[in-house]
Amino acid sequence: QVQLVESGGGLVQAGDSLRLSCAASGRTLNNYVMHWFRQAPGKEREFVAAITWNGINTYYADFVKGRFTISRDIAKNTVYLQMNSLKPEDTAVYYCARSPSTAQTPNGMDYWGKGTLVTVSS
């Protein structure tokens, strides 16, 4: 079993920054890919970013390139999502997930966190 716990969400204004954290416990994350997804009210869950656990490869959705940065701390077993220049359309629940591959679809994940809410006011 793997437990994923997100934190760091909150209410911010447009243009502000937030850093989300995803603390993982349980089985090793070696050879897995860690993802961030988000789901806005009334919309489908969508891919945001991913990182291979060795940190060599990162992947981003086009709508966050240049604004968001994914990283991980092996010693802390934690994945981060640094979000800069936030926009109202970034408002969503952000989820951390694990996958054995770089698949960017929700059904490719094997473990999920419960999410953390990010609200960006205009």
Inset, instruction - Consider only side-chain heavy atoms of I, L, V, M, F, W and Y, link residues closer than 4.5 Å, and tell whether Phe47 and Val64 are in one cluster. - result: no
Inset, instruction - Taking Thr116 for its side chain and Gly9 for its backbone only, find out whether a donor-acceptor pair lies under 3.5 Å. - result: yes
Legend entry - Distance-minimising heavy-atom pair for Pro100 and Gly108: CD-O, 4.0 Å
Inset, instruction - Would you check if there is a donor-acceptor pair between the side chains of Gln13 and Ser121 at a distance under 3.5 Å? - result: no
Legend entry - Inter-residue atom distance Asn30.CG - Thr52.OG1, 0.5 Å rounding: 11.5 Å
Inset, instruction - Would you indicate whether the side-chain heavy atoms of Val79 and His35 approach each other to under 4.5 Å? - result: no
Legend entry - Contact check, side chains of Ile70 and Tyr60, non-hydrogen atoms, under 4.5 Å: yes
Legend entry - Transitive ILVMFWY side-chain link Tyr59 to Tyr32, under 4.5 Å: no
Inset, instruction - Would you name the heavy atoms of Thr78 and Ser21 that are closest together and state the gap between them? - result: CG2-CB, 4.2 Å
Legend entry - Expected output: side-chain Asn77 to main-chain Ala24 donor-acceptor under 3.5 Å: yes
Inset, instruction - Please report the shortest heavy-atom distance between Tyr80 and Lys76, naming the atom on each side. - result: OH-CD, 3.8 Å
Legend entry - Worked verdict on Lys65 versus Asp62 for salt bridge (Lys or Arg N to Asp or Glu O under 4.0 Å): CA-CA 5 Å; Lys65 285 181 180 177; Asp62 287 343; 3.2 Å; yes
Legend entry - Arg45 to Tyr95, cation-pi by 6.0 Å centre distance and 45° axis angle: yes
Inset, instruction - Indicate yes or no: does Arg38 engage Glu46 in a salt bridge with an N to O separation below 4.0 Å. - result: yes
Legend entry - Within-4.5 Å side-chain heavy-atom neighbours: Trp53 and Asn31: no
Inset, instruction - Kindly indicate, with the supporting measurements, whether the criterion side chain to side chain contact (heavy atoms under 4.5 Å, CB included) is fulfilled by Cys22 and Trp36. - result: CA-CA 9 Å; Cys22 171; Trp36 286 97; 3.7 Å; yes
Inset, instruction - Please examine the side chains of Met83 and Asp90, heavy atoms only from C-beta on, and report whether any two atoms are closer than 4.5 Å. - result: no
Legend entry - Distance-minimising heavy-atom pair for Ala40 and Ala92: N-CB, 3.8 Å
Inset, instruction - Can you measure from CD1 (Ile51) to OG1 (Thr102) and round to the nearest 0.5 angstrom? - result: 13.0 Å
Legend entry - Any Trp112 side-chain heavy atom under 4.5 Å of Pro106 side chain: yes
Inset, instruction - Might you point out which heavy atoms bring Val120 and Thr91 nearest each other, and give the distance in Å? - result: N-OG1, 2.9 Å
Inset, instruction - State yes or no: do Tyr94 and Val5 share one hydrophobic cluster built from I, L, V, M, F, W and Y residues joined by side-chain heavy-atom distances below 4.5 Å, directly or via other members? - result: no
Legend entry - CE on Met34 to CZ on Arg72, rounded to 0.5 Å: 11.5 Å
Inset, instruction - Kindly indicate whether the side chain of Phe68, heavy atoms from C-beta on, has any atom under 4.5 Å from the side chain of Leu86. - result: yes
Legend entry - Whether Glu6 side chain and Cys96 backbone form a donor-acceptor pair below 3.5 Å: yes
Inset, instruction - Check Val33 against Ala50 and note the closest heavy-atom contact, atom names and distance. - result: CG1-CB, 4.0 Å
Legend entry - Common cluster, Leu20/Phe37, ILVMFWY with side-chain heavy-atom separation under 4.5 Å: no
Inset, instruction - Check whether the side chains of Asn84 and Ser17 place a donor and an acceptor atom closer than 3.5 Å, and report yes or no. - result: yes
Legend entry - Side chain to side chain, Leu18 and Val118, heavy atoms closer than 4.5 Å: yes
Inset, instruction - Please examine the side chains of Tyr111 and Gln1, heavy atoms only from C-beta on, and report whether any two atoms are closer than 4.5 Å. - result: yes
